[in-house]
Amino acid sequence: MSNEPITLTAGDAEATVLPGNGGRIGGLRVGGTELLRQGERYGCFPMVPWCGRIRGGRFRDGAVVHQMPLNSPPHAIHGTARDAAWRTARATAAEAVLTYDLTDPWPYSGRVTQVIALTGDALTLTMSVETYESSFPAQIGWHPWFNRTLDGTGVEIAFDPAWQEERGDDHLPTGNRIDPKPGPWDDCFGMPDGVDVTLTWPERLELKVTSREEWVVVYDEQEAAVCVEPQTGPPDGLNTLPRLVTPLEPLEATTTWRWTRL
């Protein structure tokens, strides 16, 4: 199938899926109100085969060191798939299945599948990475840009992480875990019982971002949007906490955004 835009609908919710622009969600409207920041770099994009920054763009797999392009100098950031066209494997009124085959500059072959499913009160995103050849380290995550204000109402962020990854001057975790600090944040947090972050626009909407994964990056240093990014490991995780994709064991993760009118 082609990589033309897809519109999903369920109840009064509508999501726009953009396979040709990094497999991202271009928009999510609830009762006509847009929840995601608009623009070709925004919406919500998949982070794969890594999340956040890789220090110096380099990661080690056994004795081999691989160099990724420095798309956020001096680091490499957010994977390769957000810059590529995905293909639509299947689409119905409320669900789309997209695929992307890993290729240069990523040094391993594999396939990424993303399932985007909309209901009247939730959007669920599921992603998997599989290989039939060499095993390799990888990460999965999502980078949504939620509008900071809805109809003039500013957002409130609530979550209760077990720890915060101490951030060095290079924006990467130092390896130390510290007590969570107040925002603004561009930081990674640990939630061992699963990601659970609530965004509330008072008297408008409550949106809960959940995932079985235990890592979340929260970024709220921009005026226009806030980001809540569930992922399978911390930034630079290909080096510090790699998850291995093997021919027998793919890497899979899911996140759900569930909303309630206030």
Side-chain angles (χ1 to χ4, degrees), residues 1-51 78-103 106 110-130 138-147 150 199 205 207-213 224-232 250-261:
M1 297 179 70
S2 73
N3 57 18
E4 293 299 308
I6 301 163
T7 300
L8 306 179
T9 57
D12 70 349
E14 182 178 87
T16 302
V17 181
L18 302 175
N21 182 9
R24 79 186 61 217
I25 313 300
L28 174 63
R29 290 161 298 283
V30 175
T33 298
E34 178 59 67
L35 304 188
L36 294 174
R37 183 178 180 184
Q38 296 298 284
E40 65 175 27
R41 295 174 54 243
Y42 299 109
C44 171
F45 60 82
M47 298 185 290
V48 63
W50 74 86
C51 304
H78 294 337
T80 57
R82 66 172 178 151
D83 299 316
W86 295 49
R87 291 184 60 81
T88 302
R90 186 175 76 250
T92 63
E95 183 179 87
V97 181
L98 312 181
T99 63
Y100 167 69
D101 290 326
L102 294 168
T103 185
W106 186 250
R111 170 163 285 194
V112 185
T113 302
Q114 184 178 203
V115 181
I116 299 134
L118 182 67
T119 65
D121 66 350
L123 184 74
T124 298
L125 308 172
T126 302
M127 191 158 38
S128 62
V129 184
E130 57 188 342
Q139 289 179 297
I140 287 171
W142 289 270
H143 195 305
W145 295 85
F146 295 109
N147 282 322
L150 296 183
L199 301 179
L205 193 81
L207 185 142
K208 290 178 69 71
V209 178
T210 58
S211 173
R212 291 190 301 272
E213 303 306 320
V226 297
C227 306
V228 178
E229 309 162 35
Q231 45 198 65
T232 59
L251 175 61
E252 183 173 293
T254 297
T255 183
T256 297
W257 312 343
R258 189 173 302 278
W259 53 85
T260 305
R261 303 291 188 82

Qualifying residues under side-chain hydrogen bond (donor to acceptor under 3.5 Å, both in side chains), relative to Asp83, sequence neighbours excluded = none
Tell me yes or no: between the side chains of Trp145 and Glu229, is some donor less than 3.5 Å from an acceptor?
-> no
Just jot down the ring pair (Phe, Tyr, Trp, His ring centres under 6.0 Å) partners of Trp86, sequence neighbours excluded, or say none.
-> Tyr100
Would you say the side-chain atoms of Thr256 and Thr124 include a donor-acceptor pair closer than 3.5 Å?
-> yes
With sequence neighbours excluded, what pairs up with Phe45 under the ring pair (Phe, Tyr, Trp, His ring centres under 6.0 Å) test?
-> His78, His143
Do the non-hydrogen side-chain atoms of Ile25 and Leu125 ever get within less than 4.5 Å of each other?
-> yes
Starting at CD of Glu130, measure out to CD of Glu252 and round the result to the nearest 0.5 Å.
-> 9.5 Å
Output all residues satisfying salt bridge (Lys or Arg N to Asp or Glu O under 4.0 Å) with Arg212, sequence neighbours left out; order by chain, then residue number.
-> none
Give the C-alpha distance, both sets of side-chain angles, the deciding distance and a yes or no for side-chain hydrogen bond (donor to acceptor under 3.5 Å, both in side chains) between Thr254 and Thr126.
-> CA-CA 4 Å; Thr254 297; Thr126 302; 3.1 Å; yes
Give a yes-or-no answer on whether the side chains of Thr119 and Asp121 include a donor-acceptor pair shorter than 3.5 Å.
-> yes
With Ala117, which residues qualify under side chain to side chain contact (heavy atoms under 4.5 Å, CB included), at least two apart?
-> Glu95
Mind checking whether Leu18 and Pro5 have side chains closer than 4.5 Å, heavy atoms only?
-> yes
Salt bridge (charged side-chain N to carboxylate O under 4.0 Å, His left out) contacts touching residues 10-33 (sequence neighbours left out) = Asp12-Arg261, Glu14-Arg29, Arg29-Glu34
